[in-house]
Amino acid sequence: QVQLVESGGGLVQAGGSLRLSCAASRGTFSTYAMAWFRQAPGKEREFVAGISGGGVGTYYADSVKGRFTISRDNAKITLYLQMNNLKPEDTAVYYCAVCRKPFLFYTPNYHATNEYDYWGQGTQVTVSS
């Protein structure tokens, strides 16, 4: 079992920045694919960004490309999401997720929530205009 705890959410003005963190409870974290998803009120949970087990491959939703950066520190077993130039439409609860398939991002299904085995509790990000 892997436990995930997100932090770093908050209220920020449009154009501002936030850095989300997701601390994992297990050392085998380094072999797993990880991702950030978000869910706005009344909408389905959507893929935001993903990173391969070794951290070499990164993947982004079109809506955040060029503004968000996903990274991981396997020594600290922590996942990050640096969010710059935030927009009101980025307002959502952000979740980190872990998939035990190390090659998830070589498949077309990496954006599907049912591919992920473990989820954090979420952290709220609110961007004011």
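None of the values given here were measured: they were computed from a predicted structure.
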- Would you say T107 and E115 make side-chain contact, with heavy atoms under 4.5 Å?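 Counting from C-beta outward, T107 and E115 never come under 4.5 Å.
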For [X] and [Y], which heavy atoms make the closest approach, and how far apart are they?
| X | Y | answer |
| --- | --- | --- |
| G50 | F105 | CA-CZ, 3.6 Å |
| N85 | R67 | O-NH1, 3.0 Å |
| A14 | S129 | CB-CA, 4.4 Å |
| V2 | A24 | CG1-CB, 4.4 Å |
| A33 | L104 | CB-CB, 4.0 Å |

Same cluster or not: are [X] and [Y] linked, directly or through other Ile, Leu, Val, Met, Phe, Trp or Tyr residues, by side-chain heavy atoms under 4.5 angstrom apart?
| X | Y | value |
| --- | --- | --- |
| Y118 | V93 | no |
| I77 | L20 | yes |
| Y32 | L79 | yes |
| L4 | Y116 | no |
| Y110 | V64 | no |

- Please say whether more than 12 non-hydrogen atoms of neighbouring residues, nucleotides or ligands are located less than 6.0 Å from CD in Q3.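 Counting other residues, nucleotides and ligands, CD of Q3 stays at 12 neighbours or fewer.
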- Is it true that D90 and K87 make a salt bridge, defined as a side-chain N closer than 4.0 Å to a carboxylate O? no
At what distance, to the nearest 0.5 angstrom, does [atom1] of [X] lie from [atom2] of [Y]?
| X | Y | atom1 | atom2 | answer |
| --- | --- | --- | --- | --- |
| T113 | Y95 | OG1 | OH | 11.5 Å |
| L81 | S71 | CG | OG | 8.5 Å |
| Y106 | S52 | OH | OG | 6.5 Å |
| L18 | L11 | CG | CG | 9.0 Å |
| R72 | T58 | CZ | OG1 | 12.0 Å |
| T78 | M34 | OG1 | CE | 8.5 Å |

- Query: With a 3.5 Å cut-off and no angle check, do the side chains of R38 and Y94 form a donor-acceptor pair?
  - Reply: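 R38 vs Y94: donor-acceptor pair found between side chains.
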Measure from the side-chain N and O atoms of [X] to the backbone N and O of [Y], and report whether any donor-acceptor pair falls under 3.5 Å.
| X | Y | result |
| --- | --- | --- |
| T91 | V127 | yes |
| Q39 | A92 | no |
| N109 | A112 | no |
| W36 | Y80 | yes |

- Step-by-step side chain to side chain contact (heavy atoms under 4.5 Å, CB included) determination, E6 to Q121: CA-CA 7 Å; E6 300 102 333; Q121 83 288 350; 2.8 Å; yes
- Message: Less than 6.0 angstrom separating the ring centers of Y60 and F68, yes or no?
- Response: no
